[in-house]
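Here's the structure we're looking at; comments come further down.
Because the structure is predicted, anything quoted here is derived from the model rather than measured. Just so it is clear, the values below take in all heavy atoms, side chains as well, and ignore hydrogens, waters and symmetry mates.
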Amino acid sequence: EPGSNDGSSWKRTCYWGLKQVGSCAFLEFGSYQLVKVMDGDGKPVQPYYDQFLKYMGDIPVMMWSGWKDEATKAGVKKQFEEFIAMCETTGECGAIR
């Protein structure tokens with residue numbers, strides 16, 4: 001997007017149309033701005049990171065920047081699979097421990 005710093009901000013456009021008018025989606029409605037708050041190394045992208053934290057206030061936040069390595073990815077996958085299996089078996093889906 002024009003004015004973006006290294007692709008850290010972009011507009012997600014939503015266009016709508018009516019079949020009766022033609023196949024062209026001519027009406028922009030519901031578009032929104034996306035910003036990158038962390039890079040792939042988990043480092044803050046400013047000023048969006050500070051703005052996001054201010055906006056969120058005291059609400060706990062988990063931010064994702066990728067896997068440390070394949071072993072970590074596999075371990076987390078296993079934990080989620082076990083959690084999902086427990087939910088399906090017991091019907092109890094409390095917090096992940």
Between [X] and [Y], is any pair of side-chain heavy atoms under 4.5 Å apart?
X: M86; Y: E81; value: no
X: F52; Y: V61; value: yes
X: V37; Y: V45; value: no

Discussion item. Do the side chains of K11 and E28 get close enough for a salt bridge, i.e. N-O under 4.0 angstrom?
Written reply: yes

Worksheet item: Quick one: OG on S9 to CD on Q33, what's the gap to the nearest 0.5 Å?
Response: 4.0 Å

Worksheet item: What is the minimum heavy-atom distance between Y48 and S8, and which atoms define it?
Response: CE1-OG, 3.5 Å

Response to the item:
Closest heavy-atom pair, P44 versus Y49, reported as atoms and distance to 0.1 Å, is CB-CG, 3.4 Å

Can you check whether [Y]'s main-chain N or O pairs, donor with acceptor, with [X]'s side chain at less than 3.5 Å?
X: D41; Y: K43; answer: no
X: T89; Y: A85; answer: yes
X: W16; Y: F29; answer: yes
X: S31; Y: C14; answer: yes

Item to complete: Among residues two or more places apart or on two chains, list those pairs meeting side-chain hydrogen bond (donor to acceptor under 3.5 Å, both in side chains) that have a residue in residues 50-60.
Response: Q46-D50

Discussion item. For K78, give me all partners under salt bridge (charged side-chain N to carboxylate O under 4.0 Å, His left out), at least two apart in sequence or on another chain.
Written reply: E82

